[in-house]
Amino acid sequence: MDTPIREPTFLILTALAREPMHGYAIIGEVAALSDGRLSLRPGTLYGALDRLTDAGLVELDREETVDGRLRRYYRLSPNGDATLTAETERLRRNVEAATARLRARSVRPLAPRTVEGLA
């Protein structure tokens, strides 16, 4: 992906970075990763997983039946891993740039204020 990815996509890929997961586990992991700021509904998650699968970022890992229901496990594809790595690096550079600017601002002396041409 050449453009920055949206936060929900970033968090879904991040959730899958450690190990394959089924949908409800991904929902819980995304909530934990975002400190509860992002709560995915099942329909939203499964639509996102379909799009990520179509884009080659996520792959079906396996299917199993639990309590008579089919449970699908998803994993990062090699392309998904590369995309997450690149996006993480892009965000890291942005954070470093912002942090440097904020630090420079806090140590820079304030310019004197002028009132009607007087310092």
Item to check | Distance (rounded to the nearest 0.5 Å) between Arg62 CZ and His22 NE2 | outcome: 9.0 Å
Checklist entry - So among Leu33, Thr88, Leu76, which one has a side chain to side chain contact (heavy atoms under 4.5 Å, CB included) with Thr14? => result Leu33
Checklist entry - Can you tell me how far the CG atom of Asn94 sits from the CD atom of Glu89, to the nearest 0.5 Å? => result 10.0 Å
Next on the checklist: Can you confirm whether Asp61 sits close enough to Tyr74 that some side-chain heavy atom of one is under 4.5 Å from a side-chain heavy atom of the other?
Outcome noted: no
Checklist entry - Would you find a donor on one side and an acceptor on the other, under 3.5 Å apart, between the side chain of Thr85 and the backbone of Asp81? => result yes
Checklist entry - Looking at side-chain heavy atoms only, is the closest gap between Arg105 and Leu102 below 4.5 Å? => result yes
Next on the checklist: In the structure I gave you, are the side-chain heavy atoms of Arg92 and Val95 within less than 4.5 Å of one another anywhere?
Outcome noted: no
Checklist entry - So, for Ala55 and Asn79, which heavy atoms are closest and what is the spacing to 0.1 Å? => result O-ND2, 3.8 Å
Checklist entry - Any donor and acceptor pair, going by atom type alone, linking the side chain of Thr65 with main-chain N or O of Gly68 inside 3.5 Å? => result no
Next on the checklist: Measuring from atom CD1 of Ile12 to atom CD1 of Ile26, what distance do you get when rounded to the nearest 0.5 angstrom?
Outcome noted: 7.0 Å
Next on the checklist: When you compare the side chain of Arg72 with that of Leu70, does any pair of heavy atoms fall below 4.5 Å?
Outcome noted: yes
Next on the checklist: Assess whether a salt bridge exists between Glu29 and Arg18, defined as any Lys/Arg side-chain N lying under 4.0 Å from an Asp/Glu carboxylate O.
Outcome noted: yes
Checklist entry - Could you state the interatomic distance from OG (Ser39) to CD1 (Ile27), rounded to the nearest 0.5 Å? => result 7.5 Å
Next on the checklist: With rounding to the nearest 0.5 angstrom, report the CD1 to CG distance, Ile5 to Leu57.
Outcome noted: 7.5 Å
Checklist entry - Quick one: do Arg75 and Glu19 make a salt bridge, cutoff under 4.0 Å? => result no
Checklist entry - Is there a donor-acceptor pair under 3.5 Å between the side chain of Thr53 and the backbone N or O of Glu59? => result no
Item to check | Side chains of Pro42 and Tyr24 in contact at under 4.5 Å (non-hydrogen atoms) | outcome: yes
Checklist entry - So, Glu87 and Arg90, do they make that salt bridge, N to O below 4.0 Å? => result yes
Checklist entry - Taking the side chain as C-beta and beyond, is there a heavy-atom pair between Pro8 and Leu38 under 4.5 Å? => result yes
Item to check | Working for side chain to side chain contact (heavy atoms under 4.5 Å, CB included), residues Leu60 and Tyr73 | outcome: CA-CA 6 Å; Leu60 183 63; Tyr73 286 77; 5.9 Å; no
Next on the checklist: Starting from Leu13, can I reach Leu45 by hopping between I/L/V/M/F/W/Y residues whose side chains sit under 4.5 Å apart?
Outcome noted: yes
